[in-house]
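Structure first, then comments.
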Amino acid sequence: MKFEQEEGIYNMHSSSDAVKPELFGNDKRKIKLDFIYTAKNIIIEEDHIKIETNINSFYLMIYKNGIVRFTTYNKEIDLESSYSIETLEPVYQYKLINDDNISKVVYNHLIIEIQHTPFHISIFKNGKLKYQQKAVAFCDTQSYLFIERSSEAFIYGLGEKTGFLNKNNEKTVMWNSDVFEPHTQSNKELYQSINMFSYIINDQKYGLFLDNPSRVTFDFETNDHESVIISDIGKLDYYIYTGDTLKEIIIQNADLTGRSYLPPLWALGYHQSRHSYESVEELLEIYHNFKQRKIPVDAIYLDILYMDHYKVFTFNEKTYNGVESVLKELKEDGVEIVPIVDPGVKVEEGYSVYDEGVKQNLFCKYPGGKLFTGHVWPGESAFYDFTNERIRKIWGENHKVYTDLGIEGIWNDMNEPSVFYSEGNTMDLSVLHQISDSQVKSHREMHNIYGLGMSMATYEGLQTLTNKRPFVLTRAGYAGIQKYATVWTGDNRSSWEHLEMSMPMCLNLGLSGVSLCGIDVGGFMDNATEELLIRWTQMGVFLPFFRNHCSIGMRRQEPWTFSKRGEKITRKFIRLRYELIRFLYSEVYKSHKDGVPMMKPLVLKYEDDPKTYSIHDQFIIGDNVMVAPIVRPGETARKVYLPTGIWFNFFTNEKYKGNQFIIADATLDQIPVFVKAESIIPLTDWCMNTEKLSNKIKINVYSNGNDFKDSFVIDDGRSLTGKYKQVEVNYHNKEVEVKETGSYEVNFEYEINIIK
């Protein structure tokens, strides 16, 4: 599309017209936009600054951590926070300086410059331009935000999107969608919608989060020198992050939308799934295969076929008869069961979940009060209204049927929400959400928040029922989902392209606030080959979430389903996950505290090195472990970039100088992994699951001769107490001192291994 301004009229031209109009349509229409073209009056009101304009009032707020908020809507104004974001206290210690055509708001090192006519906003920090808003306009219910942009800039974030790491010069749409066809760069809508990005060009850096759960288009493609952000409906409410580095911007986003929940330790182990393990006998067979083959596993998943005719909160009495004793056996051996729970409730009188939902008014309805129903796995189904706190609480309480069996983790799927055979494959947009007694909004306005509400209800319900840390896995979400759930990237394919693309997808989720994420190792649809499964498993070892999952009808891909060689290699790397799990858990814990993702693109750690800005097929775990997976069939070597410093091959201890590209060998049973000097990695012996972890820890100390300190964190991995032990390792004068602090009173035995 191309926009051409013409006195408030925008001519919208389809860029495809010259190619084949009968395929793409001859879309040449004029859209009249009502622009805010002048600020008439700027005054201080309580905790915000009010900017009266020719259309409406524009509101500005500043927070202590350097976040600047703008909000406006051409029909009403709402300064209340959504439940997606954390409550931040605004500051009052700013100055407002009004001049003839420019007003300035001054707070510490920030200057927000408001040009009256034509209406522009610029943010400066320490005298340097951070952000430049060119225009704001409206058309019917839509809001348009125009921002200065360079086509040479780097844009990161936007949650779960296909393609490469840098999202500049692309257009994408935020509308949670069940996308079954192969995910390619042409897929603009996927399961997660997170309206946050970071912008970097030279010294100009900022982040932006738009809090609007309706359909939002981020157009970084149409015009070379500007971005256009289009909200379908609802108020225009956005936040500018003014951090000086990408890391500071990410932390500001965590301050606003929340930090990742702290999962139980078992959630970081190896997980096995399939659509579906159809009986308790098959479930036991899978479990015994892991035991007999000495392959570690922490969780086995139950997909939709465990239920009675797909009815949530039920078990099939024929195929899952005796499930209680089986789950008890697995639980006693340290293996968790994670059942899938979808939002659709089968319409069936006599089914208690449905009957209670009707009785207590829990389901979404059309205007006028008629129950909304749609077709999903159980057939005709009703849908809980997760925007309502009372209803979320009841949904959470329903999980007692699982927790009574010892289940502590739940898998939320189909929660975009996905509705078969409907327009747009989702809920009717006119359906109403009863947010509170006084607030009702349409699904058109609230669509993207549905999955977040479901995960919030599940997480809080599990926590109340078990008094332990829950594990929730979700497909759909919105900003703030990281507080309640781990995210996986949905129905991927068993292809090398999807193996490679899973890295930038997870990295951009991390840069959008979602640190705990992963993919279906091996691919969900199509048939994996042995080589592909091995390479995917090797990468999966280092992802925050490590689950093998595939679809019914596809070739099985449990670790032993190919040759003896394949089984041997996958077992080796699954065991490596457990050798590293103390390190990985510590990095998850740190991310939970500081908001910085444990899985990082190189640019997040080495922002001063332009060579890192576009690297999408390597990543860093923590601060100093570099992983460079093999993503092409038949390859046994690859190019790897090592940033500045001294690096050691994790497996051979071979030393390399940084700031160079190297060729790293990687036969089928190898993956290139490097550790930077002046860091440590705590290792432990592999075990069958995290319940059997040893208290003996070998600490690899990577030295280049200089003194340094590093640390890792240990706790019991389940409780809500907050008791932990920090282990500080001090390398000084070629000697190592280990110091423990904290209230977690468990004795550990340390072995020191100095690598230099």
Side-chain angles (χ1 to χ4, degrees), residues 262-270 296 298 334 541-542 572-594 598 620-627 645-655 673-719 721-756:
L262 184 62
L265 178 60
W266 65 264
L268 300 185
Y270 176 76
D298 255 281
V541 169
F542 298 93
K572 166 187 168 181
F573 281 95
I574 292 170
R575 286 178 176 181
L576 176 62
R577 174 73 169 200
Y578 287 81
E579 293 170 19
L580 288 164
I581 206 151
R582 295 287 190 195
F583 164 72
L584 295 170
Y585 180 78
S586 180
E587 294 307 321
V588 166
Y589 187 96
K590 293 174 185 176
S591 179
H592 163 69
K593 291 295 184 182
D594 65 18
M598 65 167 288
I620 296 172
I621 292 295
D623 282 330
N624 296 312
V625 176
M626 175 79 71
V627 184
I646 301 297
W647 295 83
F648 294 88
N649 183 305
F650 173 71
F651 298 102
T652 67
N653 295 333
E654 185 178 356
K655 187 188 290 188
V673 180
F674 302 88
V675 185
K676 192 174 183 182
E678 299 188 16
S679 63
I680 64 167
I681 296 184
L683 300 166
T684 191
D685 294 335
W686 74 269
C687 54
M688 285 301 294
N689 53 62
T690 53
E691 281 294 298
K692 299 177 174 64
L693 268 180
S694 169
N695 285 348
K696 295 180 179 179
I697 299 176
K698 182 174 76 172
I699 303 175
N700 280 357
V701 180
Y702 294 88
S703 167
N704 64 355
N706 299 327
D707 293 351
F708 72 92
K709 292 181 181 179
D710 202 351
S711 65
F712 62 97
V713 174
I714 308 171
D715 65 15
D716 70 0
R718 279 190 187 268
S719 71
T721 61
K723 292 182 178 180
Y724 69 95
K725 184 190 294 285
Q726 179 164 305
V727 183
E728 184 179 278
V729 179
N730 184 7
Y731 182 80
H732 178 67
N733 290 335
K734 301 182 180 179
E735 298 289 334
V736 174
E737 178 188 15
V738 178
K739 180 182 178 182
E740 295 182 340
T741 58
S743 56
Y744 181 47
E745 297 178 355
V746 174
N747 293 324
F748 292 89
E749 187 179 320
Y750 303 111
E751 174 190 337
I752 305 300
N753 180 32
I754 300 176
I755 300 167
K756 55 187 178 180

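Since this is a predicted model, take the numbers as computed values, not measurements.
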Check the pair Val736, Ile699 against side chain to side chain contact (heavy atoms under 4.5 Å, CB included), reporting the backbone distance first and the verdict last.
CA-CA 10 Å; Val736 174; Ile699 303 175; over 6 Å; no

query: Would Tyr724 and Leu262 count as a side chain to side chain contact (heavy atoms under 4.5 Å, CB included) if you check the C-alpha gap in whole Å, the side-chain angles of each, and the deciding distance to 0.1 Å?
result: CA-CA 12 Å; Tyr724 69 95; Leu262 184 62; over 6 Å; no

Between Ile697 and Pro682 the two heavy atoms that sit nearest each other are CG2-CB, 3.8 Å

Shortest non-hydrogen pair, Val727 vs Glu740, comes out as CG2-CG, 4.4 Å

Of all heavy-atom pairs linking Val673 and Phe542, the shortest is CG2-CZ, 3.7 Å

ask   = Backbone N or O of Ala677 within a donor-acceptor pair of the Asn704 side chain at under 3.5 Å?
value = no

Of all heavy-atom pairs linking Pro263 and Val588, the shortest is CD-CG1, 3.6 Å

- prompt: Using 4.0 Å as the upper bound for N to carboxylate O, is an ion pair formed by Glu691 and Arg718?
  reply: yes

*For Lys692, does the NZ atom sit with more than 12 other heavy atoms under 6.0 Å from it, leaving out its own atoms?*
yes

**Asked** Is the closest side-chain heavy-atom distance between Ile680 and Tyr702 below 4.5 Å?
**Response** no

Value for CG (Asp623) from CD1 (Ile620), rounded to nearest 0.5 Å, stands at 8.0 Å

Value for OG (Ser591) from CE (Met598), rounded to nearest 0.5 Å, stands at 8.0 Å

So ring pair (Phe, Tyr, Trp, His ring centres under 6.0 Å) across residues 726-756, not counting sequence neighbours, yields Phe708-Tyr731

CZ of Phe712 to CD of Glu587, rounded to nearest 0.5 Å, is 11.5 Å

Output for pair (Asp710 CG, Glu728 CD), nearest 0.5 Å, gives 9.0 Å

- [ ] Answer yes or no: is there a side-chain heavy-atom contact under 4.5 Å between Asn700 and Phe648?
- [x] no

| query | Does the pair Arg577 and Leu584 meet the rule for a side chain to side chain contact (heavy atoms under 4.5 Å, CB included), with working shown? | reply | CA-CA 9 Å; Arg577 174 73 169 200; Leu584 295 170; 3.7 Å; yes

| field | Any donor-acceptor pair under 3.5 Å from Arg582 side chain to Leu683 backbone | value | no

Taking every heavy atom of Ile754 against every heavy atom of Ser703, the minimum-distance pair comes out as CG2-CB, 4.5 Å

Answer yes or no: is there a donor N or O on one side and an acceptor on the other, between the side chain of Lys725 and the main chain of Val746, under 3.5 Å?
-> yes

Quiz item: Any idea how Phe573 and Phe651 line up, ring-wise: parallel (<30°), tilted (30 to 60°), or perpendicular (>60°)?
Solution: perpendicular

Heavy-atom check, side chain of Asn706 versus side chain of Glu678, under 4.5 Å
yes

(Q) When you compare the side chains of Asn689 and Asp298, does any donor N or O come within less than 3.5 Å of an acceptor on the partner? (A) no

Heavy-atom closest pair (Ile755 atom, Asn653 atom, distance to 0.1 Å) is CD1-OD1, 3.5 Å

* Asked: Heavy-atom distance under 4.5 Å between the side chains of Thr690 and Ile581, does that happen here?
  -> yes

Rounding to 0.5 Å, atoms CD (Glu749) and OG (Ser694) come to a distance of 8.0 Å

* To do: Give a yes-or-no answer on whether the side chains of Tyr585 and Asp715 include a donor-acceptor pair shorter than 3.5 Å.
  => yes

Check for a donor-acceptor pair, side chain of Tyr270 on one end and backbone N or O of Tyr578 on the other, with a separation under 3.5 Å. no

Rounded to the nearest 0.5 angstrom, the CD1-NZ distance for Ile646 and Lys655 is 6.5 Å

Going through the distances and angles, do Lys572 and Arg575 end up as a side chain to side chain contact (heavy atoms under 4.5 Å, CB included)? CA-CA 5 Å; Lys572 166 187 168 181; Arg575 286 178 176 181; 5.9 Å; no

Main chain of Asn733, side chain of Asp707: is a donor-acceptor contact present, judged purely on distance under 3.5 Å?
yes

- prompt: Do Asp716 and Lys723 touch side chain to side chain, with heavy atoms closer than 4.5 Å?
  reply: no

| said: Under a 3.5 Å distance rule, please check whether Ser586 uses its side chain to pair with a backbone N or O of Ile714 as donor and acceptor. | reply: no

**Message:** A quick test of your reading: do over 12 heavy atoms of other residues, nucleotides or ligands sit less than 6.0 Å from CG of Asn747?
**Reply:** no

